[in-house]
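Some notes on the structure that comes next.
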Amino acid sequence: MKRRVLALLLALLATQVGSLISPAYACGCGAMVPDAASRIGVDRETSVVRWDGRTEEIVMRFTVGGTAHRAAWIMPVPGRASVELGDPGLFTELAELIKPERRTRSYFWPRDRDWPFSSGERMVGAAPRLPGDAAVGVVGRERLGDFDVARLTATDPDALREWLETNGFQLPDRLAGELRPYVDQKWEYVAVRLAPREQGRPLRGELDPLRIRFDSTRLVYPMRLSRLARTPQSLGLYILADHRMEPGSPIGGNTPEVTFAGKVTPEPEDALAALTGGARPVFLTAIDQRFPEPSRIDGDHELRATAKDTPYRRAVYRDELLTLGGVPVWLLTVAGTLLAGAVTAAVLLRRRRLARAAAGPAGNPVEPSGGR
């Protein structure tokens, strides 16, 4: 009996270990794959997109967890890309810019925790050059922080997969089919090997931001590879453009939610100014979107200008009891109503008494007396 219990426990343990080393094939923008017998998970991915009608820049930052000591990340791009490290201060600045506005609104009748019963906040709303083969060209390769970055061209998805595997990027076979649409459109790729500079340290925590720049006459955010993800995905985008922007369609996810829209002017020394080309106004649109079933993702996000640059900002309301001179208005109103009622009752009572006195005994009028 003990042996059976022990065997059952070992089987359960093996199942749990097997689940821990399962790879994560997708994460928001691109595909993420760990090394053998390891696991990696992208806990959060935040991206900033800057587009001026001709050039697109994407600055992204990963927060990862798991046991992998290295991983590969592939991102398709519509044109020749340059890659450099991004400024982590950019995300702090943008998060501050889109913070909800704090407002105060008053309520009349007392609520819980108000006298005589014993206020809060509530959110309302209208995140070295290596050789290639004939089908794959190596544009360049450089070391950037925790990243070993290769910029590639490819005319065949299988050749791309073989080249990556030859150079240490182990990809699952089913990624080749998802890469074909990009190959057919003659897109290129940014292939990144994530490997900590400190040997023996697993990939964990917040990684250095990457800044990717390429020419594009349309604003596109690659999402197709995320359909391979096995867990629900979420997307958070900061979009910097001349106008308010919106996705052309949900591409298989929930309806995108705008969390901020409006013109912002960065300070000259800000990281945002370095991205936008100076301390001048730019329209910022912040969008959150969830993908409960990633397999339903059917394309890349193509973003377009909205009909009007309508500003929007969330608000956090602090409800306060309406007071006058520190006294609750409801209490003054009730007291005033009671006092007015008492005065009215007293006046009516006095009038009634005067009327009875004038009527005399038994209700007969009192006649004045006089002699002849």
Side-chain angles (χ1 to χ4, degrees), residues 27-30 42-63 75 77 81 83-101 123 125-127 190 206-214 216 218-223 226 233-248 250-251 253-267 269-291 300-306 309-315:
C27 59
C29 177
V42 179
D43 299 325
R44 182 172 68 254
E45 176 185 349
T46 307
S47 294
V48 182
V49 181
R50 167 63 174 147
W51 185 65
D52 61 8
R54 302 179 306 275
T55 304
E56 181 174 343
E57 293 184 72
I58 300 177
V59 184
M60 57 183 56
R61 182 178 62 182
F62 296 113
T63 302
M75 177 182 173
V77 291
V83 185
E84 60 185 86
L85 288 179
D87 189 337
L90 175 65
F91 300 92
T92 303
E93 293 172 7
L94 289 170
E96 185 67 25
L97 285 172
I98 72 165
K99 285 175 62 174
E101 182 180 1
M123 180 75 70
V190 174
E206 201 169 83
L207 304 182
D208 295 325
L210 277 179
R211 181 175 175 179
I212 302 169
R213 184 177 186 272
F214 51 88
S216 180
R218 59 195 179 102
L219 179 52
V220 58
Y221 189 78
M223 284 289 298
S226 295
Q233 301 288 290
S234 62
L235 174 65
L237 279 181
Y238 294 105
I239 305 165
L240 300 160
D242 294 334
H243 300 281
R244 175 172 171 167
M245 307 299 289
E246 65 179 359
I251 64 169
N254 293 345
T255 301
E257 176 190 3
V258 175
T259 57
F260 180 88
K263 283 192 174 182
V264 297
T265 303
E267 297 294 331
E269 65 277 7
D270 286 351
L272 181 56
L275 179 64
T276 59
R280 55 184 180 181
V282 62
F283 206 99
L284 169 62
T285 310
I287 295 175
D288 282 337
Q289 186 181 14
R290 298 189 179 279
F291 297 87
D300 298 318
H301 259 319
E302 292 199 35
L303 297 111
R304 63 194 180 192
T306 57
D309 290 337
T310 305
Y312 170 76
R313 187 168 192 165
R314 293 179 298 171

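Owing to the predicted nature of the structure, the values given are computational and were not obtained by experimental measurement. Along the sequence shown, residues are numbered consecutively beginning with 1.
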side-chain contact (heavy atoms from CB on, under 4.5 Å) for V48 and I58? Distances and angles first, verdict last.
CA-CA 6 Å; V48 182; I58 300 177; over 6 Å; no
Closest contact, heavy atoms only, G86 versus P88
O-CD, 3.4 Å
Does E57 reach the side chain of L275, with side-chain heavy atoms less than 4.5 Å apart?
yes
Just do the salt bridge (charged side-chain N to carboxylate O under 4.0 Å, His left out) check on R314 and E101 with the steps written out, would you?
CA-CA 6 Å; R314 293 179 298 171; E101 182 180 1; over 6 Å; no
Correct closest heavy-atom pair for D300 and I251 would be O-CG2, 3.8 Å
Do V49 and L240 have side-chain heavy atoms sitting under 4.5 Å apart?
no
For E93 and A271, the nearest pair of non-hydrogen atoms, with its separation, is OE2-N, 2.9 Å
Considering all heavy atoms of both residues, which atom of Y238 and which atom of A286 are nearest to each other, and what is their separation?
CD2-CB, 4.2 Å
Check this for me: does any side-chain nitrogen of one of R213 and E56 sit under 4.0 Å from a carboxylate oxygen of the other?
no
For F291 and L235: C-alpha separation, side-chain torsions, deciding distance, then whether side-chain contact (heavy atoms from CB on, under 4.5 Å) applies.
CA-CA 8 Å; F291 297 87; L235 174 65; 4.0 Å; yes
Once you round to the nearest 0.5 Å, how far does CG of L237 lie from NE2 of H301?
7.0 Å
Find out whether L303 and V220 are in side-chain contact, i.e. whether some heavy atom of one side chain is under 4.5 Å from a heavy atom of the other.
no
Would you indicate whether the side-chain heavy atoms of I212 and M75 approach each other to under 4.5 Å?
yes
Using the test salt bridge (Lys or Arg N to Asp or Glu O under 4.0 Å), find all partners of E269 that sit at least two apart in sequence or belong to another chain.
none
First locate atom CZ of F283, then atom NZ of K263, and finally report the distance between them rounded to the nearest 0.5 Å.
8.0 Å
Note: M245 and A305 closest approach over all heavy atoms is CE-N, 3.6 Å
Quick check: do T285 and F260 have side-chain heavy atoms less than 4.5 Å from each other?
no
Residues which pass side chain to side chain contact (heavy atoms under 4.5 Å, CB included) with T92, listed by chain and number, not counting sequence neighbours
none
Sequence neighbours excluded, which residues qualify as side chain to side chain contact (heavy atoms under 4.5 Å, CB included) partners of E84?
R211
From N254 CG over to D288 CG, what is the distance, rounded to the nearest 0.5 angstrom?
11.5 Å
Please identify each residue that fulfils side chain to side chain donor-acceptor pair (under 3.5 Å) with R313, with sequence neighbours left out.
none
Does the side chain of E246 come within less than 4.5 Å of R304's, by heavy atoms?
yes
Find out whether the Lys NZ or Arg CZ of R61 is both under 6.0 angstrom from the six-membered ring centre of F91 and within 45° of the ring's axis.
yes
For the pair D309 (side chain) and R244 (backbone), establish whether a donor and an acceptor sit closer than 3.5 Å, ignoring hydrogens and angles.
yes
D52 meets the side chain to side chain contact (heavy atoms under 4.5 Å, CB included) criterion, sequence neighbours left out, with R50, R54, T55
Residues A279 and A273: closest non-hydrogen pair is N-CB, 4.2 Å
Would you say V59 and D87 make side-chain contact, with heavy atoms under 4.5 Å?
no
From L94 atom CG to L284 atom CG, the distance as rounded to the nearest 0.5 Å
6.0 Å
Apply side-chain hydrogen bond (donor to acceptor under 3.5 Å, both in side chains) to the pair Y221 and S47, showing each step before the final yes or no.
CA-CA 10 Å; Y221 189 78; S47 294; 2.7 Å; yes
Does any non-hydrogen side-chain atom of F214 lie less than 4.5 Å from one of V190?
no
Looking at residues at least two apart in the chain, or sitting in another chain, which of them share a side chain to side chain contact (heavy atoms under 4.5 Å, CB included) with P250?
P256, Q289
